[in-house]
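This report refers to the structure that appears directly beneath it.
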Amino acid sequence: TNIAWNEILLLKVGRHFRFGRNKLIVGRNEEENEVLKTGKQKTDYLFEALDCGSPITLLQGKKTREAIVFASAMTAGYSSGSPGADDRMKVAYGRSGLNRVISVVPLDREEAGRFNITLL
């Protein structure tokens, strides 16, 4: 197995989560957000909550509808935004740019912890 340099770099950044066969990395600050943007592979998706301070989330693996909704809810849950009257937030995402928008209920951080990967 060959491990690319950017994969090693990404191991040192953000919060890491597993959702089925997908891996998500959620940035903790602007510096980590930039590392996630530059470490993104062609097939990875990026996510960012709209109209508030937001982490960048990197989604790796198969882009099923469920994985996209989960990554969006995770991004919204770690953002500084507040849900609207309908308990939903808008999250922009995409492969080559943040050119799609989805409305999701933010994932509670305690619930998100169930998917956390502890890196030693």
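Taking OG1 from Thr64 and CG from Leu59, the interatomic distance works out to 8.0 Å, rounded to the nearest 0.5 Å. A distance of 10.5 Å separates CG of Asp44 from CG of Leu24, quoted to the nearest 0.5 Å. Note: Ile117 CD1 to Arg15 CZ = 14.0 Å, rounded to the nearest 0.5 Å. Interatomic distance, Thr57 OG1 to Asn33 CG, rounded to the nearest 0.5 Å: 8.0 Å.
Glu30 is linked by a salt bridge (Lys or Arg N to Asp or Glu O under 4.0 Å) to nothing, counting only residues two or more places apart in sequence or in another chain. Residues satisfying the salt bridge (Lys or Arg N to Asp or Glu O under 4.0 Å) test with Glu32, not counting sequence neighbours, are Arg28. For Lys62, there are no salt bridge (Lys or Arg N to Asp or Glu O under 4.0 Å) partners at least two apart in sequence or on another chain. Partners of Arg109 under the side chain to side chain contact (heavy atoms under 4.5 Å, CB included) rule, at least two apart in sequence or in another chain, are Tyr78. Residues satisfying the side chain to side chain contact (heavy atoms under 4.5 Å, CB included) criterion with Asp108, sequence neighbours excluded, are Glu110, Glu111.
With hydrogens and angles disregarded, no donor-acceptor distance shorter than 3.5 Å links the side chain of Lys23 to the backbone of Arg21. At distances below 3.5 Å, not a single donor-acceptor pair connects side-chain atoms of Asn116 with backbone N or O atoms of Phe17. The closest donor-acceptor contact from the side chain of Ser80 to the backbone of Gly53 lies under 3.5 Å.
Taking 4.5 Å as the limit, every side-chain heavy atom of Phe47 sits out of range of all side-chain heavy atoms of Val26. In this structure, the side chains of Val35 and Lys12 stay at 4.5 Å or more apart for every pair of heavy atoms. The shortest side-chain heavy-atom distance between Lys40 and Leu36 does not fall under the 4.5 Å cut-off. At a threshold of 4.5 Å between non-hydrogen side-chain atoms, the residues Leu58 and Leu46 count as touching.
In terms of heavy atoms, Gly61 sits closest to Asn22 at C-ND2, 3.4 Å. Here the closest non-hydrogen pair linking Pro83 and Pro106 is CG-CG, 3.8 Å. In this structure, Ser54 and Thr75 approach most closely via the heavy-atom pair OG-CG2, 3.6 Å. Closest approach of Ala49 and Ser79 over heavy atoms only: CB-CB, 3.9 Å.
Cluster membership check: Val105 does not share its hydrophobic cluster with Val69, using side-chain heavy-atom separations under 4.5 Å among Ile, Leu, Val, Met, Phe, Trp and Tyr.
The aromatic rings of Phe70 and Phe19 sit parallel, their planes meeting at an angle under 30°, below the 60° perpendicular limit.
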Expected list for residues 85-95: side-chain donor-acceptor pairs under 3.5 angstrom, two or more places apart:
residue, atom, partner, partner atom, Å
Asp86, OD1, Arg88, N, 3.1
Arg88, NE, Ser103, OG, 3.3
Arg88, NH2, Ser103, O, 2.7

